[in-house]
Amino acid sequence: MPMDAEQLRDHAHKMVDFIADYYKTIQTFPVLSQVQPGYLGKLLPDSAPNYPDSLQNVLNDVQEKILPGVTHWQSPNYFAYFPSNSSIAGFLGEMLSAGLNIVGFSWITSPAATELETIVLDWLAKALQLPDDFYSSGQGGGVIQGTASEAVLVVLVAARDKILRRVGRSALPKLVMYASDQTHSALQKACQIAGLNPELCRLLKTDSSTNYALSPDVLSEAISSDIAGGLVPFFLCATVGTTSSTAIDPLPALGKIAKTNKLWFHVDAAYAGSACVCPEYRHCIDGVEEADSFNMNAHKWFLTNFDCSVLWVKDRSSLIQSLSTNPEFLKNKASQGNMVIDYKDWQIPLGRRFRSLKLWMVLRLYGLEGLRSHIRNHIEMAAYFEELVGQDTRFKVIAPRTFSLVCFRLLPLLNSEDHGNKLNSDLLDSVNSTGNAFITHTVLSGEYVLRFAVGAPLTERKHVDMAWQILQDKATALLESS
Ligand code: PLP
């Protein structure tokens, strides 16, 4: 029997024990997996088993063969990319969702899945003090997407179709999209999928003079010149908390320009949106009032296990016009009577998971105050790391820190030919090869920069201290050998 309740109880208890032990011993694993490409093919058979195996044998294989190839995102020594939080509440929500295993594309397929999603996203909109237009009680509402990439794609497609309805479909090759050169590459992918002219996807240049934020003047000039050239500006994406350096685009000024020029204004706050539930960070999204859509990844910094990307729109009908289909086999009275939300029409796939359960459990089991202290704790540790870097004259903080990411680099020796790019890349490799810390990099103004992102739920100050010690020791070794 694939689903016998007593066998489930027995096996699931064993699995929970396995996972709890994993978390207890997580620091004993190298945080960045040290395996070589193709390692697993050498360890597993080349065809599926014909007959059932025991759970214990599978768990033994997980321990011996799979875990060495895992990069431990939940390790307290993880400081790479932007962390992706797990929590007990998020985990339990995932478990419940897997247990119920519904496919909630239309309201009728599980009314609770649709209605809980709507309610929880209204709660979160309130916690973020989003404008009323984003609430489900008006023309807008929230929807959980898998990732920020899907979120930006669906709003881009909605915006594209909206403008084409106004100016005619033949204008597609003339549509112009604007964002800064710091915008996540997810937008570029969305433009490719949406069939936009790649030459008209304008990633406007930023530099250190604006701390890598998009300049409203640069945007205005680009729009004027495009209009003069007979093109059709239609979409602006601003970011609050860019991936490279957590730059904050000036939403109020950009929103004004978007409004004047009738652009769809999307705000990507995939990482930093979570911080805006803290009153002292809410100002970072001031200006969201002018946005048509707003996105944050609860799976990044909001204790909600991957995946859970939250998107709000002011005008849900735009999404629905672009994404809805209504085949006979899905028709039902509630949908036909326009009495309900069918989230299948707000997203790319038809099928959808019961993701709101985990967000609901996170909000209930930690409360907004619990989430705020989680965020503040990380920001304090990042500020502490920034201080440590500032005290060692061999290093320099490269961009101002606002949230929990510190961008810094080891200063090159005077005779360096490449401004220290190789030195910093070597430093990164040598830190990561220890297995005791994992950091990643970016490039700002042509310089290779190290990123230290605090955000794993288990990280404490002692882990920050240890990572800094490793960085200092490896820097000393590199400088001595160069
Ligand atoms: N936008 C920003 C600002 C990000 O930092 C990221 C990922 O780090 C994304 C978008 C893409 O996120 P996802 O993996 O959810 O598509």
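Position 1 is the first residue of the sequence; numbering continues from there. Atoms within a ligand are numbered from 1 in the order they appear, just like the ligands themselves. Since this is a predicted model, take the numbers as computed values, not measurements.
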* **Residues which pass salt bridge (charged side-chain N to carboxylate O under 4.0 Å, His left out) with Lys396, listed by chain and number, not counting sequence neighbours** => none
* Asked: Quick one: CZ on Phe302 to SG on Cys308, what's the gap to the nearest 0.5 Å?
  -> 9.5 Å
* Partner residues of Glu94 under the salt bridge (charged side-chain N to carboxylate O under 4.0 Å, His left out) criterion, sequence neighbours left out -> Arg353, Lys358
What does the N/O contact table under 3.5 Å look like for ligand 1?
unit_1, atom_1, unit_2, atom_2, d
ligand 1, 1 (N), Asp268, OD1, 3.3
ligand 1, 1 (N), Asp268, OD2, 2.6
ligand 1, 5 (O), Thr243, OG1, 2.9
ligand 1, 8 (O), Lys300, NZ, 3.1
ligand 1, 15 (O), Ala148, N, 2.8
ligand 1, 15 (O), Asn297, ND2, 2.9
ligand 1, 16 (O), Ala148, N, 3.3
ligand 1, 16 (O), Ser149, N, 2.9
ligand 1, 16 (O), Ser149, OG, 2.5

Could you tabulate the donor-acceptor pairs under 3.5 Å formed by side-chain atoms of residues 252-262, not counting sequence neighbours?
unit_1, atom_1, unit_2, atom_2, d
Thr260, OG1, Lys256, O, 2.8
Asn261, ND2, Ile257, O, 2.9

* Salt-bridged, Arg355 to Glu117, with N to O below 4.0 Å? -> no
* **Arg160 to Phe234 six-membered ring, cation-pi geometry met (6.0 Å, 45°)** => no
